[in-house]
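Contents: one structure, followed by commentary.
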Number of protein chains: 2
Amino acid sequence: MERRNEISIGTLANRTGLAVSAIRYYETQGLVAPERNAGGQRRFIRSDIRRLSFVMIAQKFGFTLDRIREVLGRLPQNRTPNAKDWTEISQDFRAELDEQIEALTRLRDKLDGCIGCGCLSLDRCALYNPDDVAAQKGAGPRYLMGDQATRPED
Amino acid sequence: MERRNEISIGTLANRTGLAVSAIRYYETQGLVAPERNAGGQRRFIRSDIRRLSFVMIAQKFGFTLDRIREVLGRLPQNRTPNAKDWTEISQDFRAELDEQIEALTRLRDKLDGCIGCGCLSLDRCALYNPDDVAAQKGAGPRYLMGDQATRPED
DNA sequence: ATAATTCCTAAAGCTAACTTTACCTCAAGC
DNA sequence: GCTTGAGGTAAAGTTAGCTTTAGGAATTAT
């Protein structure tokens, strides 16, 4: 039986639209920390619905699970987060989002300059400056361009 | 020996800043198609420097290699692409970029509404509408939120 | 009481975009 | 002419974010 304020993983999955396997995965990543009942099954609490909803929204914005875990860490540990708590972390969030949008916009404007000059070659091209759009994902080092450029005519 | 307009993979790597292994990988993905010399070594042409530069820039903007391959397909096959060719595909590119920025901005505005109401729960929340920020990457289905939501008080 | 669900864990698989490793060949320098 | 560096291939490894599979155990429904 599901007691008031205790929900099973299946119910949580239905309420959030997440797959059960995704929720289990999120637990391994420290995004939720359900208790267990006598039989070893996960027992979530109702506020976990909002917590996972936040995770999903944050992902839409392009944040990684690592980053989301950090942000969630700012919620109070000793009590169930209330609306004000969520509002606060959403605001921090918004600031980061604004930066992302600006970085992308700056990059676009540089592209405009390059469309004008038709360059798209190494040297001189503003697009080769690495100081934009932080999030490099995937494995391995990403080499930044422009450093060994020599012959501008290619 | 490296004849005028024929360059080795190592030279190309130096000129673009890419790793040799990355260039080989790009070949498997159909982003460059070097010829081979008698000994079986790849011989690129100078315009491949610009081609790969374009790939790197496009990646900065968040395009996938698949998408980049499509765009590169619009370049003329029968001759070396000139500045005008590059300008044209850069412009298409810019249009997509604009859309991305707008989608992100719309999403941010929705977040503003949600900061106001402090909701962040299923139902009613504008953030749960799936019609934004196209690029879902990674494997498997991504479940879209909001469909089974029932109890708004969580 | 028994069948049908739901849940559990551990391990392997998948995609993107590469890198690393292992092992072999070609090309350049002295 | 031989050593060394640059190149080549194929296969496996890496990260993120999950899903799938396999094989049990706990719940729920009848």
Side-chain angles (χ1 to χ4, degrees), chain A residues 1-3 6-32 34-44 52 55-70 134-145, chain B residues 1-3 6-32 34-44 52 55-70 134-145:
Chain A
M1 30 131 145
E2 252 177 41
R3 284 187 296 187
E6 277 195 357
I7 61 184
S8 71
I9 196 169
T11 304
L12 184 55
N14 281 332
R15 296 296 303 276
T16 57
L18 285 166
V20 166
S21 61
I23 298 175
R24 292 205 189 99
Y25 176 70
Y26 289 160
E27 184 183 359
T28 72
Q29 301 306 296
L31 296 171
V32 261
E35 312 227 302
R36 301 294 178 123
N37 71 2
Q41 300 196 345
R42 294 171 179 82
R43 291 300 130 177
F44 295 87
L52 289 190
V55 172
M56 296 171 86
I57 292 172
Q59 281 196 291
K60 274 197 173 186
F61 284 109
F63 292 92
T64 64
L65 295 185
D66 273 7
R67 188 79 195 80
I68 297 171
R69 177 160 25 69
E70 280 178 32
Q136 293 294 15
K137 37 213 149 145
R142 299 303 176 100
Y143 299 82
L144 292 170
M145 316 179 219
Chain B
M1 28 134 144
E2 251 176 44
R3 285 188 293 189
E6 277 195 358
I7 62 184
S8 70
I9 196 169
T11 305
L12 184 55
N14 281 332
R15 296 294 302 277
T16 57
L18 285 165
V20 167
S21 61
I23 298 176
R24 291 205 191 99
Y25 176 71
Y26 289 160
E27 184 184 357
T28 72
Q29 301 306 298
L31 296 171
V32 260
E35 311 227 303
R36 302 295 178 119
N37 69 4
Q41 301 195 345
R42 293 170 179 83
R43 291 299 133 177
F44 295 86
L52 289 189
V55 172
M56 296 170 86
I57 292 172
Q59 281 197 291
K60 271 198 174 184
F61 285 110
F63 291 91
T64 63
L65 295 186
D66 273 7
R67 188 79 194 78
I68 297 170
R69 178 162 23 70
E70 280 179 30
Q136 293 294 15
K137 31 204 152 158
R142 298 304 176 99
Y143 298 82
L144 293 170
M145 318 180 218

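What you see is a predicted model; the values in this text were computed from it and never measured. Below, chains carry the letters A, B, ... as their sequence lines are ordered, and counting in each starts from 1.
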Would you mind telling me which residue lines up with the more 5' stretch of DNA chain C, A:Q41 or B:V20, judged by nearest nucleotide?
-> A:Q41
Residues in salt bridge (charged side-chain N to carboxylate O under 4.0 Å, His left out) contact with A:E27, at least two apart in sequence or another chain | A:R36, A:R42
Nucleotide nearest A:D66 (side chain, heavy atoms from C-beta), chosen from D:dA16, C:dA16, D:dT19 | D:dA16
Starting at CG of B:L65 and ending at C1' of C:dT15, how long is that distance when rounded to a whole Å?
-> 12 Å
Rounded distance in Å - OH (B:Y26) to P (C:dA17) = 8 Å
Output yes when at least one side-chain N/O atom of A:Y25 is less than 4.0 Å from OP1 or OP2 of D:dA16, else no.
-> no
Using only side-chain N and O atoms of A:S8, determine if any of them is under 4.0 Å from OP1 or OP2 of C:dT6.
-> no
Taking only N and O in the side chain of A:N37, is any of them less than 4.0 Å away from OP1 or OP2 of C:dC7?
-> no
Strictly under 3.5 Å: I want the nitrogen or oxygen pairs between protein and nucleotides 9-12 of chain D, one per line.
unit_1: D:dT9; atom_1: OP1; unit_2: B:R36; atom_2: NH1; d: 3.0
unit_1: D:dT9; atom_1: OP1; unit_2: B:R36; atom_2: NH2; d: 3.2
unit_1: D:dT9; atom_1: OP2; unit_2: B:R42; atom_2: NH1; d: 3.1
unit_1: D:dT9; atom_1: OP2; unit_2: B:R42; atom_2: NH2; d: 2.7

With sequence neighbours excluded, what pairs up with A:N37 under the side chain to side chain donor-acceptor pair (under 3.5 Å) test?
-> none
Using the test salt bridge (charged side-chain N to carboxylate O under 4.0 Å, His left out), find all partners of B:R67 that sit at least two apart in sequence or belong to another chain.
-> B:E70, B:E96
For atom CZ of A:R43 and atom P of C:dT6, their distance in whole Å | 13 Å
Rounded to the nearest Å, what distance is computed from the CZ atom of residue B:R67 to the C1' atom of nucleotide C:dA16?
-> 17 Å
Quickly work out the B:I9 CD1 to C:dA27 C1' distance and round it to whole Å.
-> 16 Å
Could you give the CD1-to-C1' distance, from A:I7 to C:dT6, as a whole number of Å?
-> 15 Å
Distance in angstrom units between B:Q29 CD and C:dT15 C1', rounded | 11 Å
Between B:Q29, B:Q59, B:M56, which is the residue that forms a side-chain contact (heavy atoms from CB on, under 4.5 Å) with B:I68?
-> B:Q59
Set of residues satisfying ring-ring contact (aromatic ring centres under 6.0 Å, His included) with respect to B:Y26, sequence neighbours excluded | none
Spacing of B:T28 atom OG1 and B:I23 atom CD1 [to the nearest 0.5 Å] | 12.5 Å
Find which nucleotide of DNA chain D each of A:A22 and B:G10 is nearest to by heavy atoms, and output the residue with the more 5' nucleotide.
-> B:G10
Reckon A:Q59 has a side-chain N or O less than 4.0 Å from the OP1 or OP2 of D:dC18?
-> yes
Measure the distance from CD1 on B:I68 to C1' on C:dA17 and round it to the nearest whole Å.
-> 11 Å
Whether B:T11 side chain and B:I7 backbone form a donor-acceptor pair below 3.5 Å | no
